[in-house]
Amino acid sequence: MSGWRTVAYRIVRPLLFAFEPERIHRLTIRGLRTAGGNPIGRGLLRLVGGAPRSFRDVDIAGLRFRSRVGIGAGFDKDALALRGWAALGAGFAEVGTVTPLAQEGNPRPRLYRLPADEALVNRMGFNNAGAAALARQVMLARPHLPDGFVVGVNIGRGVGTPPEASIGDYVEAFRLVAPVADYVAVNVSSPNTAGLRDLQDPGRLADLLAALRDAAQGPRQAPPLFVKLAPDLPPAVFDALLDSLVKTADGLILSNTTVVRDRLRSRRRGESGGLSGRALRDGMLAAVARAHEQAPSLPRIASGGIFDPSDVAAAYAAGADLVQLWTGLVYRGPGLIGAASGVPHPADQ
């Protein structure tokens with residue numbers, strides 16, 4: 001990845017990193033929302049994103065994506081910047097994680113940069129404005145989004161909900177967002193809500209997905225269900241989940257943040273929470289390859305450790321249908337969207 005966009009971001013990044021991470025994150029979303037709302041701003045975003053002017057549509061899970069490169073959940077929790085993401089050249093954006101009711105999340109500080117490792121640690125705790133507020137934002141943005149720009153909504157359990165009542169929270173969030181979502185991502189893998197990862201038990205996850213299917217019965221066709229798994233699952237559990245999900249899910253997102261802290265150098269490496277960034281790449285590729293081998297009928301979104309075109313190419317070679325960017329944008333800048341979009345998928349050649 002090279003060019004003037006990379007050089008420009010290298011110049012700007014030290015200034016951005018001089019400020020508290022969550023503050024810069026909020027300002028970024030606000031800036032994308034403002035720029036995405038007017039023609040001049042969208043033109044500037046297209047310039048810095050560097051994505052091609054024309055896209056090659058792909059059909060995944062019954063949806064038409066204008067590009068295989070999108071934004072991962074957690075960046076735009078309340079769907080405030082959808083028009084901005086589209087102008088930057090993303091093919092899709094997964095917003096959330098959203099819970100049925102608004103919640104503040106964990107106490108601050110809760111987001112840390114690990115520059116020596118090109119990583120982030122977060123323990124945000126599903127801070128969001130609630131599922132109804134997110135649905136309204138998606139509904140308002142929808143008429144202004146380009147054809148083939150897909151909106152996924154990532155749902156989770158509220159922090160005050162007892163683990164035994166988790167399914168009710170997912171169902172309520174699903175009911176609120178399903179009418180506006182192109183797909184719904186079921187987040188059972190965040191390490192920042194106590195007991196949430198226990199839902200990755202194959203039996204409990206099957207019950208959860210069955211409840212969501214039941215909740216979707218009605219005049220509108222249910223959006224596809226993608227399940228987001230943790231990167232820390234033992235191989236036997238991961239295989240058991242794949243065997244189950246091939247019957248109950250419409251796609252996989254591999255993977256969420258990790259609680260493992262192997263071979264990190266940064267001073268903040270001991271902070272609790274989920275780690276994202278470079279360290280996830282190899283595990284993500286292995287998970288995608290395993291899913292491609294064992295559950296080839298399930299579409300796979302590669303998420304984690306994608307920082308340059310070679311990472312995108314490796315994800316496609318492992319069996320990914322789509323890729324998501326997050327921490328790579330923090331360290332490489334918005335030009336990563338265009339650079340990633342230029343990588344051909346083997347199926348498109």
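None of the values given here were measured: they were computed from a predicted structure.
Leu264 and Leu111 fall into different hydrophobic clusters, where Ile, Leu, Val, Met, Phe, Trp and Tyr residues are linked whenever their side-chain heavy atoms come under 4.5 Å apart, directly or through other members. Cluster membership for Leu47 and Ile40, using ILVMFWY side-chain heavy atoms within less than 4.5 angstrom, is not shared. One hydrophobic cluster, built from ILVMFWY side chains closer than 4.5 Å, holds both Val98 and Val171. Linking Ile, Leu, Val, Met, Phe, Trp and Tyr residues whenever their side-chain heavy atoms come within less than 4.5 Å places Trp326 and Leu229 in a single cluster. Linking Ile, Leu, Val, Met, Phe, Trp and Tyr residues whenever their side-chain heavy atoms come within less than 4.5 Å places Ile71 and Val312 in a single cluster.
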Checklist entry - Do Tyr9 and Tyr331 pass the ring pair (Phe, Tyr, Trp, His ring centres under 6.0 Å) test, and can you show the C-alpha distance, the side-chain angles, and the key distance before you say yes or no? => result CA-CA 9 Å; Tyr9 190 71; Tyr331 285 94; 9.0 Å; no

Next on the checklist: Could you go through Ser276 and Thr257, starting from their C-alpha distance and side-chain angles, then the distance that decides it, and tell me whether this counts as side-chain hydrogen bond (donor to acceptor under 3.5 Å, both in side chains)?
Outcome noted: CA-CA 5 Å; Ser276 63; Thr257 56; over 6 Å; no

Checklist entry - Passes side-chain hydrogen bond (donor to acceptor under 3.5 Å, both in side chains), Asn122 versus Asn192? Steps please. => result CA-CA 8 Å; Asn122 93 82; Asn192 297 320; 3.2 Å; yes

Item to check | Derivation of the side-chain hydrogen bond (donor to acceptor under 3.5 Å, both in side chains) call for Arg123 and Tyr112 | outcome: CA-CA 9 Å; Arg123 50 174 180 266; Tyr112 303 90; 2.6 Å; yes

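Judged by the 6.0 Å and 45° rule, Arg113 forms a cation-pi pair with Phe17.
Considering all non-hydrogen atoms of both residues, Leu280 and Leu275 come closest at CD1-O, 3.2 Å. Nearest heavy atoms, Ser341 versus Ala51: OG-CB, 4.5 Å. Across all their heavy atoms, Ala173 and Thr99 have their closest contact at CB-C, 4.4 Å. The two atoms that bring Gln324 and Ala73 nearest to each other are OE1-N, 4.5 Å, heavy atoms only. Residues Arg33 and Leu80 approach most closely at CG-O, 3.0 Å, considering heavy atoms. Annotation for Arg269 and Ser266: closest pair NH1-O, 2.9 Å, computed over non-hydrogen atoms.
For Asn127, there are no side-chain hydrogen bond (donor to acceptor under 3.5 Å, both in side chains) partners at least two apart in sequence or on another chain.
Atom CG in Leu336 sits 9.0 Å away from atom OG1 in Thr6 (nearest 0.5 Å). In this structure, the separation between CZ on Arg46 and CD1 on Ile337 is 13.5 Å, given to the nearest 0.5 Å. Here the CG atom belonging to Leu233 is positioned 10.0 Å from the OG1 atom belonging to Thr258, to the nearest 0.5 angstrom. The CZ atom of Arg281 sits 9.0 Å away from the CD1 atom of Ile306 when rounded to the nearest 0.5 Å. Taken to the nearest 0.5 Å, the CG atom of Leu205 stands 7.5 Å off from the CG atom of Leu199. Expressed to the nearest 0.5 Å, how far CZ of Arg83 lies from OG1 of Thr34 amounts to 11.5 Å.
Residues in residues 164-180 take part in no salt bridge (Lys or Arg N to Asp or Glu O under 4.0 Å) pair, two or more places apart or across chains.
At least one donor-acceptor pair under 3.5 Å links the side chain of Ser166 to the backbone N or O of Pro163.
Between Met124 and Glu22, the closest side-chain pair of non-hydrogen atoms falls below 4.5 Å. The shortest distance between side-chain heavy atoms of Arg110 and Val121 does not fall below 4.5 Å.
A salt bridge does not link Asp78 with Arg136: every distance from a Lys NZ or Arg NE/NH1/NH2 to an Asp or Glu carboxylate oxygen is 4.0 Å or more. Asp57 has a carboxylate O that lies under 4.0 Å from a charged side-chain N of Arg64, or vice versa, which qualifies the two as a salt bridge. Asp232 has a carboxylate O that lies under 4.0 Å from a charged side-chain N of Arg197, or vice versa, which qualifies the two as a salt bridge. Of the charged side-chain nitrogens involved, at least one lies within less than 4.0 Å of a carboxylate oxygen, so that Glu118 and Arg332 count as a salt-bridged pair. Using a cutoff of 4.0 Å between basic side-chain nitrogens and carboxylate oxygens, Asp117 and Arg268 are not scored as salt-bridged. With respect to Arg278 and Asp311, a salt bridge is recorded, a charged nitrogen being found less than 4.0 Å from a carboxylate O.
Surrounding CZ of Arg142 are more than 12 heavy atoms belonging to other residues, nucleotides or ligands, all under 6.0 Å away.
Annotation for Tyr183: hydrophobic cluster partners, listed by chain and number, are Val58, Ile60, Leu63, Phe65, Phe92, Val150, Phe226, Ile253, Ile301, Leu322 (ILVMFWY side-chain heavy atoms under 4.5 Å, direct or chained).
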